[in-house]
Colleague: 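Got a structure for you, written out below as structure tokens; questions coming shortly.
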Amino acid sequence: MMYLVDNIKLPLNVEEKDIKNAIREKLGLHARSFRYEVLRKKVEYEPLLQKSHLLYTFSVETNEFVRNTSISFLPEKEEEKKRNYPYASSPYVISSGLHGLLFTYFLAKQGLNPVLLCDEGDLCHRLRMQGGYIYFPSPIIDSKIEDMYRLLLGNKVPLPGAVAFLSPTELSALIDRFISLIEEKGGKIIYNAKPVFASNILGRFRKLIYQVGDEQREAKMRHIIMMDQGKNASFYSNMKAKKTKSDCRLRLVIESRKKDADHLFFDNNLSLPMPLFFYSKKSKNDINVSFIFPFGDIGINNMSNGALLDPEICFVPSKKKGNTTTLVEISIGPNLDAYRYTISSAKRENLPLALPCQKLDDFLLKKETFHLGVVKSLYPNGIYLENLNKILGDAASLALRNALASLKKDYPYFGKDAILTGVWGRRLPGEAIFPKNLEGFVRAYWYSDGEEADLVGIANYAYGRFADFLKNL
């Protein structure tokens with residue numbers, strides 16, 4: 001029988017004999033009566049003890065009877081069922097992002113010959129510049145996503161609980177591979193294409209008019225899937241679609257000394273991979289602040305080709321090594337006025353690409369920063385010293401100060417010279433609601449649940465929307 005043995009705590013420098021003894025004691029088995037496989041290996045930090053340990057999950061195979069009733073059987077993988085698309089025409093997908101590309105890939109894999117309209121000359125252009133990460137938080141996961149990435153990336157895919165970072169070059173190659181697979185399976189991708197108008201006459205004649213460069217084209221189909229995050233505003237206006245309010249978010253990064261994080265999480269055992277933690281805190285004024293940390297070997301870069309301030313974290317080794325970078329995101333809901341005020345306040349006419357920066361301790365004490373310590377920002381376009389409490393506004397700065405105080409208590413890896421760099425924005429779109437005569441014809445699936453660089457979250461979202469689409473034909 002196959003058993004799932006979860007949450008086994010072991011020291012960082014554990015040996016194989018100690019692993020076997022831990023499993024044997026947990027299950028009450030003889031030393032040579034079982035085999036095991038590591039399903040999950042994660043570094044976990046205990047704030048009260050200020051010490052790290054390894055947290056394991058194993059699959060254990062044995063013929064002996066396990067008397068411990070808290071041990072469950074290992075769930076078997078379910079085979080993917082063939083889903084039928086009862087129409088001869090191809091579904092059209094409108095997207096320039098990875099979630100739309102993967103949705104199209106799942107359609108093509110089922111032999112549905114989808115057509116993907118991309119309004120850029122290069123699919124996933126921003127993500128190609130940024131890079132991404134692969135992280136399976138649970139030992140029992142949707143095997144379809146892990147198998148898909150493992151088939152294309154091999155050993156680059158980590159065990160659940162660990163994290164692997166893909167540089168822009170590596171991620172760009174993965175995206176190109178998905179494009180090739182779509183085309184090999186009968187799908188088609190049309191670049192620089194934008195939807196113009198769709199019509200549905202008595203449910204029988206359905207067509208899409210779209211534009212490629214200066215040329216207008218027409219296609220007949222049964223379904224249009226909008227995954228463009230609302231970018232083609234004129235199309236939604238022509239379709240008389242209504243949109244719910246967006247969620248506005250403010251982003252910053254905390255930069256601190258890498259060796260402080262290494263010492264805290266690994267007890268100086270640097271052979272282990274840098275872990276990925278998610279930390280979220282909701283303030284009394286109902287503002288949610290989330291942290292993703294600590295990232296190693298990344299920087300902040302300007303993602304725009306022009307003079308536009310458009311920064312983002314980038315998963316590439318920085319020329320200035322030595323910082324650990326924590327991404328901060330403050331959700332202020334549909335408050336567009338506060339969002340615009342903060343973004344405009346962060347800009348300086350004489351420093352158009354620079355970001356405001358402040359020492360973390362000064363921000364918590366609401367003090368001005370006059371000079372930085374040993375930690376210097378990795379942002380290549382320059383920084384200027386500023387009071388970030390003023391830029392963020394009272395509500396957002398209060399929420400961030402409260403969240404940071406809790407974070408420093410639980411994970412005290414920020415040294416006295418840690419700095420806070422930002423601010424830039426991200427707007428997560430609300431839902432699109434189409435008129436009833438178009439509900440079964442045009443569908444909108446917008447990825448607004450997670451981080452753009454989270455390749456597992458994006459894939460799970462795309463597969464979930466793909467299953468929903470076929471289920472509700």
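Side chains are part of it too, since the values below use all heavy atoms of this structure and drop only hydrogens, waters and symmetry mates.
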Colleague: Not counting sequence neighbours, which residues clear side-chain contact (heavy atoms from CB on, under 4.5 Å) with A193? List them please.
Modeller: L117, I190, Y210, V212

Colleague: Determine whether the side chains of S256 and N323 contain a donor N or O and an acceptor N or O closer than 3.5 Å.
Modeller: no

Colleague: Under 3.5 Å, which donor-acceptor pairs do the side chains of residues 342-358 form with other protein atoms, sequence neighbours left out?
Modeller:
| unit_1 | atom_1 | unit_2 | atom_2 | d |
| --- | --- | --- | --- | --- |
| T342 | OG1 | A338 | O | 3.0 |
| T342 | OG1 | I391 | O | 3.3 |
| S344 | OG | R340 | O | 2.9 |
| S344 | OG | Y341 | O | 3.0 |
| S345 | OG | Y341 | O | 2.7 |
| R348 | NH1 | S345 | O | 2.8 |
| R348 | NH2 | E386 | OE2 | 2.4 |
| Q358 | OE1 | L388 | N | 2.9 |
| Q358 | NE2 | K367 | O | 2.7 |

Colleague: If you round to the nearest 0.5 Å, how far is CD1 of I287 from CG of L398?
Modeller: 8.0 Å

Colleague: Applying salt bridge (charged side-chain N to carboxylate O under 4.0 Å, His left out) to K284 and D286, what does each step give before you reach the verdict?
Modeller: CA-CA 5 Å; K284 293 180 180 179; D286 207 35; over 6 Å; no

Colleague: If the threshold is 4.0 Å, N to carboxylate O, is there a salt bridge linking E452 and R126?
Modeller: no

Colleague: Applying side chain to side chain contact (heavy atoms under 4.5 Å, CB included) between R150 and each of I134, V157, I145, report the one that passes.
Modeller: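 Among I134, V157, I145, the one that satisfies the side chain to side chain contact (heavy atoms under 4.5 Å, CB included) with R150 is V157.
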
Colleague: Kindly write out the residues that satisfy ring pair (Phe, Tyr, Trp, His ring centres under 6.0 Å) with F363, not counting sequence neighbours, or none if the list is empty.
Modeller: none

Colleague: Between Y411 and Y279, how do the two ring planes meet: parallel, tilted or perpendicular, split at 30° and 60°?
Modeller: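 The arrangement is perpendicular - the two ring planes meet at more than 60°.
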
Colleague: For Y149, enumerate each residue passing the ring pair (Phe, Tyr, Trp, His ring centres under 6.0 Å) test, keeping only those at least two apart in sequence or located in another chain.
Modeller: none

Colleague: Does K41 have more than 12 heavy atoms from other residues, nucleotides or ligands lying within 6.0 Å of its NZ?
Modeller: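 Counting other residues, nucleotides and ligands, NZ of K41 stays at 12 neighbours or fewer.
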
Colleague: Would H223 and F469 count as a side-chain contact (heavy atoms from CB on, under 4.5 Å) here? Give the steps.
Modeller: CA-CA 10 Å; H223 291 100; F469 169 70; 3.8 Å; yes

Colleague: A395 and N285: which non-hydrogen atoms are nearest, and at how many Å?
Modeller: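 Closest approach of A395 to N285: O-ND2, 3.2 Å.
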
Colleague: Would you say C118 and N192 make side-chain contact, with heavy atoms under 4.5 Å?
Modeller: no

Colleague: Can L360 and L404 be said to form a side-chain contact (heavy atoms from CB on, under 4.5 Å), step by step?
Modeller: CA-CA 9 Å; L360 187 63; L404 279 169; 3.7 Å; yes

Colleague: With distance as the sole test, does E146 use its side chain to make a donor-acceptor pair with the main-chain N or O of M148 at under 3.5 Å?
Modeller: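 Side chain of E146 to backbone of M148, a donor-acceptor pair under 3.5 Å: no, none is there.
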
Colleague: If only atom types and distance count, is the side chain of T326 paired as donor or acceptor with the main-chain N or O of V253 below 3.5 Å?
Modeller: no

Colleague: For T369 and D362, run side-chain hydrogen bond (donor to acceptor under 3.5 Å, both in side chains): C-alpha distance rounded to whole Å, both residues' side-chain angles, the deciding distance at 0.1 Å, then the answer.
Modeller: CA-CA 6 Å; T369 294; D362 289 343; 2.8 Å; yes

Colleague: Return the set of residues passing side-chain contact (heavy atoms from CB on, under 4.5 Å) with D119 (not counting sequence neighbours), or none when no residue passes.
Modeller: S96, K194, K231, N232

Colleague: Go through it in stages, so that I can follow the logic: the residues are K281 and N402, the test is side-chain contact (heavy atoms from CB on, under 4.5 Å), and I'd like the CA-CA distance, side-chain angles, deciding distance and then a yes or no.
Modeller: CA-CA 8 Å; K281 186 80 174 179; N402 291 341; 5.9 Å; no

Colleague: Please confirm whether the backbone N or O of W424 pairs with a side-chain atom of R251, one donor and one acceptor, at under 3.5 Å?
Modeller: no

Colleague: So do L112 and L470 actually touch side chain to side chain, heavy atoms under 4.5 Å?
Modeller: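 Touching, per the 4.5 Å side-chain cut-off.
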
Colleague: Give the C-alpha distance, both sets of side-chain angles, the deciding distance and a yes or no for salt bridge (charged side-chain N to carboxylate O under 4.0 Å, His left out) between R426 and E329.
Modeller: CA-CA 9 Å; R426 183 164 77 116; E329 191 166 82; 2.9 Å; yes

Colleague: May I ask you to check whether D228 and Y236 show a side-chain donor-acceptor distance below 3.5 Å?
Modeller: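 The answer is yes; a qualifying pair exists.
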
Colleague: Verify the distance criterion only: is there a donor paired with an acceptor across the side chains of N288 and S331 at less than 3.5 Å?
Modeller: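 Their side chains do not contain a donor-acceptor pair, so the 3.5 Å distance test is not met.
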
Colleague: Show your working on salt bridge (charged side-chain N to carboxylate O under 4.0 Å, His left out) between K408 and D361 and close with a plain yes or no.
Modeller: CA-CA 11 Å; K408 289 187 69 174; D361 287 347; 3.1 Å; yes

Colleague: Assess whether atom CG of N155 is packed by more than 12 heavy atoms of other residues, nucleotides or ligands within 6.0 Å.
Modeller: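 Counting other residues, nucleotides and ligands, CG of N155 stays at 12 neighbours or fewer.
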
Colleague: So, F265 versus Y413, ring centres under 6.0 angstrom or not?
Modeller: yes

Colleague: Got I332 and I330 here, is their nearest side-chain heavy-atom distance under 4.5 Å?
Modeller: yes

Colleague: Spell out, as yes or no, whether a donor-acceptor pair under 3.5 Å connects the side chain of D468 to the backbone of G464.
Modeller: no

Colleague: Show me the side-chain donor-acceptor pairs of residues 97-107 shorter than 3.5 Å, one per line, residues at least two apart or across chains.
Modeller:
| unit_1 | atom_1 | unit_2 | atom_2 | d |
| --- | --- | --- | --- | --- |
| H99 | NE2 | M227 | O | 2.9 |
| H99 | NE2 | Q229 | OE1 | 3.3 |
| T104 | OG1 | G100 | O | 2.8 |

Colleague: Main chain of C248, side chain of S246: is a donor-acceptor contact present, judged purely on distance under 3.5 Å?
Modeller: no

Colleague: Would you name the heavy atoms of I209 and Q216 that are closest together and state the gap between them?
Modeller: CG2-OE1, 3.7 Å

Colleague: Is the backbone of P334 close enough, under 3.5 Å, to the side chain of R427 for a donor and an acceptor to pair up by distance?
Modeller: no

Colleague: Would you say Y133 and L166 make side-chain contact, with heavy atoms under 4.5 Å?
Modeller: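 Not in contact.
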
Colleague: Would the distance check show the side chain of R40 and the main-chain N or O of P137 forming a donor-acceptor pair, the cut-off being under 3.5 Å?
Modeller: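 Such a contact is found between R40 side chain and P137 backbone.
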
Colleague: So F434 and M239, do their side chains get closer than 4.5 Å, heavy atoms only?
Modeller: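 A side-chain contact under 4.5 Å exists here.
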
Colleague: Tell me if a side-chain donor or acceptor on D454 pairs with a main-chain N or O of G457 at a distance below 3.5 Å.
Modeller: yes

Colleague: Is there a side-chain contact between L4 and F73, using heavy atoms and a 4.5 Å cut-off?
Modeller: no

Colleague: What pair of heavy atoms forms the shortest contact from V423 to L250, and how long is it?
Modeller: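 That closest heavy-atom pairing would be CG1-CB, 4.1 Å.
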
Colleague: Under 3.5 Å, is there a donor on one side chain and an acceptor on the other for T324 and E255?
Modeller: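 Distance-only check fails for T324 and E255.
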
Colleague: What pair of heavy atoms forms the shortest contact from L123 to S95, and how long is it?
Modeller: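 Closest pair (atom of L123, atom of S95, distance): CD2-O, 4.0 Å.
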
Colleague: Strictly by modelled atom types, are T57 and N7 linked by a side-chain donor-acceptor pair under 3.5 Å?
Modeller: no

Colleague: Any salt bridge linking R217 with E215? Criterion: basic side-chain nitrogen under 4.0 Å from a carboxylate oxygen.
Modeller: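 Here R217 pairs with E215 in a salt bridge, since their nearest N and O are under 4.0 Å apart.
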
Colleague: For residues Y379 and N301, report the shortest heavy-atom separation together with the two atoms involved.
Modeller: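 So the minimum-distance heavy-atom pair works out to CE1-C, 4.0 Å.
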
Colleague: Taking the six-membered ring of Y445, is NZ or CZ of R443 closer than 6.0 Å to its centre and within 45° of its axis?
Modeller: no

Colleague: Report yes if the side chains of M221 and L208 come closer than 4.5 Å at any heavy-atom pair, otherwise no.
Modeller: yes

Colleague: For I300 and P311, which heavy atoms make the closest approach, and how far apart are they?
Modeller: CG2-CB, 4.2 Å

Colleague: Could you check whether any side-chain heavy atom of P168 comes within less than 4.5 Å of a side-chain heavy atom of M129, counting everything from C-beta outward?
Modeller: no

Colleague: Take K243 and E431 through the test salt bridge (charged side-chain N to carboxylate O under 4.0 Å, His left out) and record every step on the way to the result.
Modeller: CA-CA 6 Å; K243 291 169 58 180; E431 296 181 357; over 6 Å; no

